[in-house]
Protein chains: 2
Amino acid sequence: MAHDNIDLSTLTRNELLVFEALKESDSPMKAYDVLDVLKSHGVRAPMTVYRALEGLEEKGIVHKLDALNAFVLCSHDRPHQVQSFLVCSECGMVQEISPELREAPQVEDKILGVVRATGFQMREARLEMKGICQKCTGKQSAHNTAAE
Amino acid sequence: MAHDNIDLSTLTRNELLVFEALKESDSPMKAYDVLDVLKSHGVRAPMTVYRALEGLEEKGIVHKLDALNAFVLCSHDRPHQVQSFLVCSECGMVQEISPELREAPQVEDKILGVVRATGFQMREARLEMKGICQKCTGKQSAHNTAAE
DNA sequence: TTTACTGGATTATGATATAACATTGATATA
DNA sequence: TATATCAATGTTATATCATAATCCAGTAAA
Ligand SMILES: [Zn+2]
Ligand SMILES: [Zn+2]
Ligand SMILES: [Zn+2]
Ligand SMILES: [Zn+2]
């Protein structure tokens with residue numbers, strides 16, 4: 001797991017709390033869901049959570065899924081410019097495309113190439129792909145065996 | 001201009017009003033900015049705007065920029081699965097990467113290839129790239145001629 | 001005319017995010 | 001020690017973004 005590589009000593013107390021909350025969760029969390037978890041640790045205000053999330057994002061430990069207003073731990077070993085996610089509209093599953101997937105770097109390269117050609121200085125990019133995950137596709141074809 | 005190709009007769013009255021508002025604007029608009037414009041046409045409630053925006057999105061005429069909570073007219077000739085935007089953090093400029101840019105389809109192909117390999121049925125994807133646009137880069141290097 | 005449907009209006013409320021300012025505690029240094 | 005400084009945190013209030021729920025108007029079958 002990528003999270004074993006993180007140097008937790010660089011995190012503030014609140015960042016650590018948020019990190020733990022996200023680590024426990026098997027899906028992206030909304031800021032106010034994080035807040036609910038942290039209430040048992042004495043955190044009362046949204047600001048606290050948003051500040052911690054911002055810090056974690058800057059450290060490359062957390063990504064925000066803009067289409068969902070939700071946050072996930074990065075599954076990579078190191079910070080990276082291009083973040084890619086599969087989001088299932090059926091079950092809510094979110095999967096960050098990992099570098100282990102051999103083709104992923106090619107996508108990143110292509111993107112960087114195109115952008116460079118336009119003279120744009122890219123700092124960060126997020127690719128959010130919506131659709132139906134493999135698991136949910138299987139379920140559906142059980143109902144409806146004919147091709148679409 | 002791509003917008004000349006759109007069949008406006010398929011739009012409802014409110015969709016048309018929102019379309020016109022976005023066409024007038026030279027940058028993405030927030031829903032409540034659209035509402036302000038439409039007040040002069042008797043529109044009073046956010047719902048009206050959001051409904052129209054949703055309709056326009058479904059018709060492929062408008063895209064939502066999730067990172068900005070803002071909406072823009074599509075600059076393509078026809079609906080497309082992968083939407084790519086450059087967003088300048090300095091001046092707010094947003095540019096949809098157009099099919100005229102020769103490399104753009106390659107990015108789309110790469111993305112589709114990778115996703116297919118995972119068994120994910122992609123319906124739609126949005127790539128939002130943040131950084132500094134060419135214009136703003138020029139301004140900065142005027143101040144600071146040395147390399148970064 | 002009745003029915004069903006689509007689009008639209010209204011009201012209220014929910015969900016997401018930030019501004020602005022006060023407090024704390026650790027560290028440096030005079 | 002006193003005190004300046006700074007980063008992190010706490011607190012309150014408010015801004016911004018989005019939807020639920022319900023009703024109404026027009027229109028096109030039946
Ligand atoms: Zn990541
Ligand atoms: Zn699924
Ligand atoms: Zn487009
Ligand atoms: Zn710019």
Side-chain angles (χ1 to χ4, degrees), chain A residues 6-22 25 27-59 61-72 87 89 92 94 126 128 130, chain B residues 7-22 25 27-59 61-72 85 87 89 92 94 126 128 130:
Chain A
I6 295 175
D7 180 4
L8 298 177
S9 70
T10 70
L11 303 188
T12 69
R13 184 170 60 85
N14 287 337
E15 284 169 1
L16 193 57
L17 288 172
V18 171
F19 171 81
E20 296 293 349
L22 287 174
S25 171
S27 59
M29 293 181 80
K30 306 268 193 174
Y32 278 74
D33 294 338
V34 175
L35 177 57
D36 284 340
V37 172
L38 266 55
K39 275 183 177 157
S40 60
H41 296 269
V43 173
R44 303 153 169 271
M47 264 317 294
T48 306
V49 172
Y50 281 107
R51 266 198 295 246
L53 285 168
E54 189 185 356
L56 290 168
E57 277 193 82
E58 278 164 8
K59 287 165 182 149
I61 295 169
V62 159
H63 303 310
K64 177 173 184 187
L65 294 157
D66 289 311
L68 305 176
N69 296 319
F71 301 83
V72 286
V87 180
S89 321
V94 171
R126 184 151 40 250
E128 301 182 21
K130 291 183 212 167
Chain B
D7 180 5
L8 299 177
S9 69
T10 70
L11 304 188
T12 69
R13 185 171 60 88
N14 288 336
E15 284 169 1
L16 193 57
L17 288 173
V18 171
F19 172 80
E20 297 293 348
L22 288 173
S25 171
S27 59
M29 294 181 80
K30 307 268 194 173
Y32 278 73
D33 294 338
V34 175
L35 177 57
D36 284 341
V37 171
L38 266 56
K39 275 182 177 156
S40 60
H41 295 269
V43 173
R44 303 152 170 270
M47 264 315 296
T48 305
V49 172
Y50 281 108
R51 262 196 300 248
L53 285 168
E54 190 186 354
L56 290 167
E57 278 193 83
E58 278 165 7
K59 288 166 181 146
I61 295 170
V62 159
H63 303 310
K64 177 176 184 185
L65 293 157
D66 290 311
L68 305 176
N69 296 318
F71 301 84
V72 286
F85 298 92
V87 180
S89 321
V94 171
R126 185 149 40 246
E128 300 183 20
K130 292 183 213 171

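Labels below follow one simple rule: chain letters A, B, ... track the order of the sequence lines, proteins then strands, and each chain is numbered from 1. Since the structure is predicted, the reported quantities are computational estimates derived from the model, not experimental observations.
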Are side-chain heavy atoms of A:Val34 and A:Phe71 found at a separation under 4.5 Å? no
Heavy atoms only: give me the nearest B:Lys30-B:Leu68 pair and the separation to one decimal. NZ-O, 2.9 Å
Side-chain contact, heavy-atom cut-off 4.5 Å: A:Val94 with A:Leu65? yes
Boundaries of the chain B footprint along DNA chain D (any atom under 4.0 Å from a heavy atom): D:dC17 to D:dA20
Taking distance alone, no hydrogens or angles, what donor-acceptor pairs closer than 3.5 Å link side-chain atoms of residues 40-54 of chain A to residues at least two apart or in another chain?
{"residue": "A:Ser40", "atom": "OG", "partner": "A:Val37", "partner atom": "O", "Å": "2.9"}

Have a look at the helix from C:dT1-D:dA30 to C:dA30-D:dT1 and give the angle its two end axes make, five pairs each, rounded to 10 degrees. 10°
Mind checking what makes side-chain contact (heavy atoms from CB on, under 4.5 Å) contact with A:Ser27, not counting sequence neighbours? A:Ser25
I'd like a table of donor-acceptor pairs (distance under 3.5 Å, sequence neighbours excluded) in which one partner is a side-chain atom from residues 6-18 of chain A, with atom names and distances.
{"residue": "A:Asp7", "atom": "OD1", "partner": "A:Ser9", "partner atom": "N", "Å": "3.1"}
{"residue": "A:Asp7", "atom": "OD1", "partner": "A:Ser9", "partner atom": "OG", "Å": "2.6"}
{"residue": "A:Asp7", "atom": "OD2", "partner": "A:Ser9", "partner atom": "OG", "Å": "3.3"}
{"residue": "A:Thr10", "atom": "OG1", "partner": "A:Asp7", "partner atom": "O", "Å": "3.1"}
{"residue": "A:Thr12", "atom": "OG1", "partner": "A:Glu15", "partner atom": "N", "Å": "3.2"}
{"residue": "A:Glu15", "atom": "OE1", "partner": "A:Thr12", "partner atom": "N", "Å": "3.1"}
{"residue": "A:Glu15", "atom": "OE1", "partner": "A:Lys59", "partner atom": "NZ", "Å": "2.5"}
{"residue": "A:Glu15", "atom": "OE2", "partner": "A:Lys59", "partner atom": "NZ", "Å": "3.2"}

Between residues 9-18 of chain B and DNA chain C, which residues have a heavy-atom gap below 4.0 Å? B:Thr12, B:Arg13, B:Asn14
If you look only at pairs with a residue in residues 62-72 of chain A, which of them pass as a salt bridge (Lys or Arg N to Asp or Glu O under 4.0 Å), with sequence neighbours excluded? A:Asp66-A:Arg126
What residues, two or more places apart in sequence or in another chain, satisfy salt bridge (charged side-chain N to carboxylate O under 4.0 Å, His left out) together with A:Asp33? none
Quick one: pull up CG in B:Leu56 and CZ in B:Phe19 and give me the separation to the nearest 0.5 Å. 8.5 Å
Would you say B:Lys130's side chain and B:Ala67's backbone share a donor-acceptor pair under 3.5 angstrom? no
Quick one, give me the B/S/- string for nucleotides 13-25 of chain C, reading 5' to 3', where B means a protein heavy atom under 4.0 Å from the base and S means that only happens at the primed atoms, P, OP1 or OP2. ---BBBB------
